[in-house]
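This report concerns only the one structure given below.
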Amino acid sequence: MSAVISWIRSVVLAALFFTVWNYQTLQNGVDELWAWLLQQRLFTTVYFETWFTMWCYLWILYIPFKMNKFRYFDKYKIDKTVTFKAPSDPEMVLEMANYAATFGILDTFTVKKYVGVEPDVLVEKQKFWFQTTRALPEYAPSVFQLVYQLILSLVIYDALFFLVHFSLHKNAWLYKHIHAKHHDHPCMHSRVTNQLTLSERIILVLVANQSLKMVYAHPLTRTIFVPVFTAMLIENHSGFDVPISISKIVPFGLLGGSRYHYAHHMQGSTNYQPFFKYFDILLQRSRHKRQ
């Protein structure tokens with residue numbers, strides 16, 4: 001599998017080289033894509049990001065459950081004694097209804113403020129308490145902006161949520177009333193990703209949103225962020241440690257991955273970062289020095 005990983009990394013490097021070499025061609029494609037999206041009613045509605053998050057979650061969620069049906073993937077199960085049971089349709093409808101109700105209400109009564117939108121447009125939107133459409137910037141971001149905003153927003157989210165996550169574990173009241181539900185499962189499976197109290201779900205989304213705001217993310221960056229972010233979270237909770245997962249493809253062991261996060265759910269006293277590992281490593285070194 002190391003050869004496959006090397007091949008994938010080579011493809012990624014080739015894609016980066018192609019991006020630099022054909023920058024203007026790619027930029028023209030991004031411009032055309034953005035112009036097309038601005039004409040789509042679904043994309044301009046205030047509910048798009050909530051709907052798109054649910055859509056990505058549902059599609060990616062079922063990948064580990066489909067893998068469970070093939071014996072070939074049994075060797076990649078972290079706990080090989082576990083048999084994953086796919087959720088029923090009513091269960092998923094209820095789960096998505098709870099998610100949609102929470103953030104649909106926020107979407108309805110919040111004026112979404114994006115970089116590149118003229119202030120007077122936002123002032124005009126604020127005159128109405130009931131929102132139906134988003135005020136979106138006229139121009140697309142550059143390819144460079146898309147890449148650095150996406151990467152940096154993930155890094156910032158990881159750092160911010162580490163602080164939140166660590167606090168939830170170290171404060172008994174917060175753990176009991178906000179975070180304990182996420183750890184209440186007989187085995188690790190992809191649905192644990194969204195097994196959250198209302199408070200924690202809102203915190204997670206607000207932290208992700210703040211991370212995007214801190215890099216002045218363009219709405220197109222935010223759209224790409226959703227499937228990447230969702231896939232990384234579901235991988236962490238999938239119960240599978242697949243050799244060609246995102247955490248394996250990213251070099252130098254920067255990402256923790258599913259096995260790393262599985263250890264957190266089993267022990268609860270380590271591996272607090274959702275994606276990276278540097279804060280956890282520093283925390284462990286600090287503990288060793290005090291001992």
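This chain uses plain numbering: 1 for the first residue, then up along the sequence.
The aromatic rings of F229 and F275 stand perpendicular to each other, their planes meeting at an angle above 60°, with 30° marking the opposite boundary. Using bins of under 30°, 30° to 60° and over 60° for the plane-to-plane angle, the ring pair W21/F17 lands in the parallel bin. The aromatic rings of H183 and H169 lie perpendicular to each other, with more than 60° between the two planes, well past the 30° mark. Under the 30°/60° scheme for interplanar angles, the aromatic rings of F166 and Y272 are found to stand perpendicular. Between H182 and H179, the ring planes are tilted. Angles from 30° to 60° get that label.
For the pair S190 (side chain) and L61 (backbone), a donor-acceptor distance under 3.5 Å is present. Proximity of a side-chain donor or acceptor of Q273 to a complementary backbone N or O of Y278 within less than 3.5 Å is detected. The main-chain N or O of F18 is found under 3.5 Å from a side-chain atom of N22 such that the two form a donor-acceptor pair.
For the 3.5 Å distance criterion, the side chains of D31 and Q27 qualify, holding a donor opposite an acceptor. Between Q267 and Y262, the side chains place no donor N or O within less than 3.5 Å of an acceptor N or O (distance only, hydrogens not considered). Remark: the T108 side chain and the Q131 side chain contain no N/O donor-acceptor pair separated by less than 3.5 Å. With 3.5 Å as the limit, one finds no donor-acceptor pair spanning the side chains of H237 and H185.
For K69, the NZ atom is loosely surrounded, since the number of other residues' heavy atoms within 6.0 Å does not exceed 12. Residue Y23 qualifies as enclosed at atom OH: its count of foreign heavy atoms under 6.0 Å is above 12. Counting non-hydrogen atoms of neighbouring residues, nucleotides and ligands closer than 6.0 angstrom, the NZ atom of K213 reaches no more than 12 such neighbours.
For F240 and Y76, the distance between ring centers is not under 6.0 angstrom.
Using a 4.5 Å heavy-atom threshold, the side chains of T53 and Y99 count as touching. Proximity of L33 to L220: side-chain heavy atoms (C-beta onward) are separated by under 4.5 Å at one or more points. Considering only heavy atoms from C-beta on, F52 stays 4.5 Å or farther from F43 through its side chain.
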Checking salt bridge (charged side-chain N to carboxylate O under 4.0 Å, His left out) for the pair K77/D74: CA distance, chi angles, key distance, verdict? CA-CA 5 Å; K77 286 182 179 179; D74 286 350; 3.7 Å; yes
Would E95 and R191 satisfy salt bridge (charged side-chain N to carboxylate O under 4.0 Å, His left out), going step by step from the backbone distance to the final call? CA-CA 10 Å; E95 183 177 337; R191 281 192 70 199; 2.9 Å; yes
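Here the rule is side-chain contact (heavy atoms from CB on, under 4.5 Å) with Y47, and of T132, L42, D107, T133 only D107 fits it.
Note on E49 versus R134: salt bridge recorded, some NZ/NE/NH1/NH2 to OD/OE distance being below 4.0 Å. Residues K248 and D241 are paired through a salt bridge, judged by an N-O separation under 4.0 Å between the basic side chain and the carboxylate.
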